[in-house]
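Below is one structure, written out as structure tokens; the observations come after it.
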Amino acid sequence: VTVKSGIYIVSYQNTGFKPNTLEIKRGTSVRFVNDSTKAMRVSSTDTNTPAYQTFSQQKTVGRGGSYEYTFNDVGTFIYVNMNNSADKGTILVK
């Protein structure tokens, strides 16, 4: 896992998110970087839990674009690329 300035980096590649599962401490930021030729818009799959609803990228980005989120709640955040729902990942916040 690449850590830059205390921020964990998740790379979105043509084959999906790398790493696919990431375990972090509460209060940690994660930057999702689009390193693919596809469009990326990261969003939680849980739309009913208020803490998870805020984990949603507002705009689609192309190659080189990114989305950063600070995980302030403990839990399992399952996310998907809204532009390609087959690409999923998990952030475990302890």
Side-chain angles (χ1 to χ4, degrees):
V1 175
T2 303
V3 179
K4 185 175 183 179
S5 303
I7 299 170
Y8 284 82
I9 306 294
V10 173
S11 172
Y12 179 61
Q13 302 172 4
N14 286 333
T15 56
F17 292 98
K18 303 293 183 230
N20 186 265
T21 301
L22 178 63
E23 186 174 316
I24 60 173
K25 292 181 181 178
R26 187 171 68 106
T28 300
S29 295
V30 176
R31 182 177 299 145
F32 299 84
V33 179
N34 189 348
D35 293 317
S36 78
T37 57
K38 303 186 239 179
M40 179 188 84
R41 189 172 131 224
V42 177
S43 183
S44 171
T45 60
D46 184 345
T47 58
N48 296 317
T49 305
Y52 295 178
Q53 291 173 352
T54 61
F55 176 41
S56 182
Q57 185 175 1
Q58 298 301 308
K59 293 183 181 182
T60 295
V61 296
R63 184 175 186 84
S66 65
Y67 170 62
E68 190 170 308
Y69 185 80
T70 301
F71 291 86
N72 291 315
D73 294 289
V74 172
T76 301
F77 291 76
I78 298 170
Y79 62 90
V80 63
N81 178 0
M82 296 299 287
N83 296 300
N84 187 354
S85 61
D87 294 336
K88 300 177 183 179
T90 305
I91 305 291
L92 303 169
V93 184
K94 303 282 180 174

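Source: prediction; values computed, not measured. All values below come from the heavy atoms of this structure, side chains included, with hydrogens, waters and symmetry mates left out.
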Is there a side-chain contact between Met82 and Gln57 (heavy atoms, below 4.5 Å)? no

Hey, are the side chains of Phe17 and Val42 touching, using non-hydrogen atoms and a 4.5 Å cut-off? yes

Q. Does any N or O in the side chain of Tyr67 come within less than 3.5 Å of the main-chain N or O of Ser56, such that one atom is a donor and the other an acceptor?
A. yes

Partners of [X] by side-chain hydrogen bond (donor to acceptor under 3.5 Å, both in side chains), sequence neighbours excluded?
| X | value |
| --- | --- |
| Ser36 | Asn34 |
| Asp35 | Ser11 |
| Thr45 | none |
| Ser85 | none |

- request: Look at the rings of Phe77 and Phe71 and say which category their plane angle falls in: under 30° parallel, 30 to 60° tilted, over 60° perpendicular.
  value: perpendicular

Salt bridge (Lys or Arg N to Asp or Glu O under 4.0 Å) filter on Glu68, not counting sequence neighbours, yields Arg31

So the salt bridge (Lys or Arg N to Asp or Glu O under 4.0 Å) pairs with at least one residue in residues 81-94 (sequence neighbours excluded) are Lys38-Asp87

Residues pairing under salt bridge (Lys or Arg N to Asp or Glu O under 4.0 Å) where one sits in residues 8-26, two or more places apart or in two chains, turn out to be none

For Ser66 and Val61, the nearest pair of non-hydrogen atoms, with its separation, is N-CG2, 4.0 Å

**Q.** Residues Val93, Asp73; criterion side chain to side chain contact (heavy atoms under 4.5 Å, CB included); working and verdict
**A.** CA-CA 7 Å; Val93 184; Asp73 294 289; over 6 Å; no

Thr90 meets the side chain to side chain contact (heavy atoms under 4.5 Å, CB included) criterion, sequence neighbours left out, with Thr21, Thr76, Ile78, Leu92

Residues passing the side chain to side chain contact (heavy atoms under 4.5 Å, CB included) test with Asn83, sequence neighbours excluded, are Ala39, Arg41, Thr60, Asn81

Connected to Val74, directly or through other members, by ILVMFWY side-chain contacts below 4.5 Å are none

Residues at least two apart in sequence or cross-chain that pass ring-ring contact (aromatic ring centres under 6.0 Å, His included) with Phe32, listed by chain then number, are Phe55, Tyr79

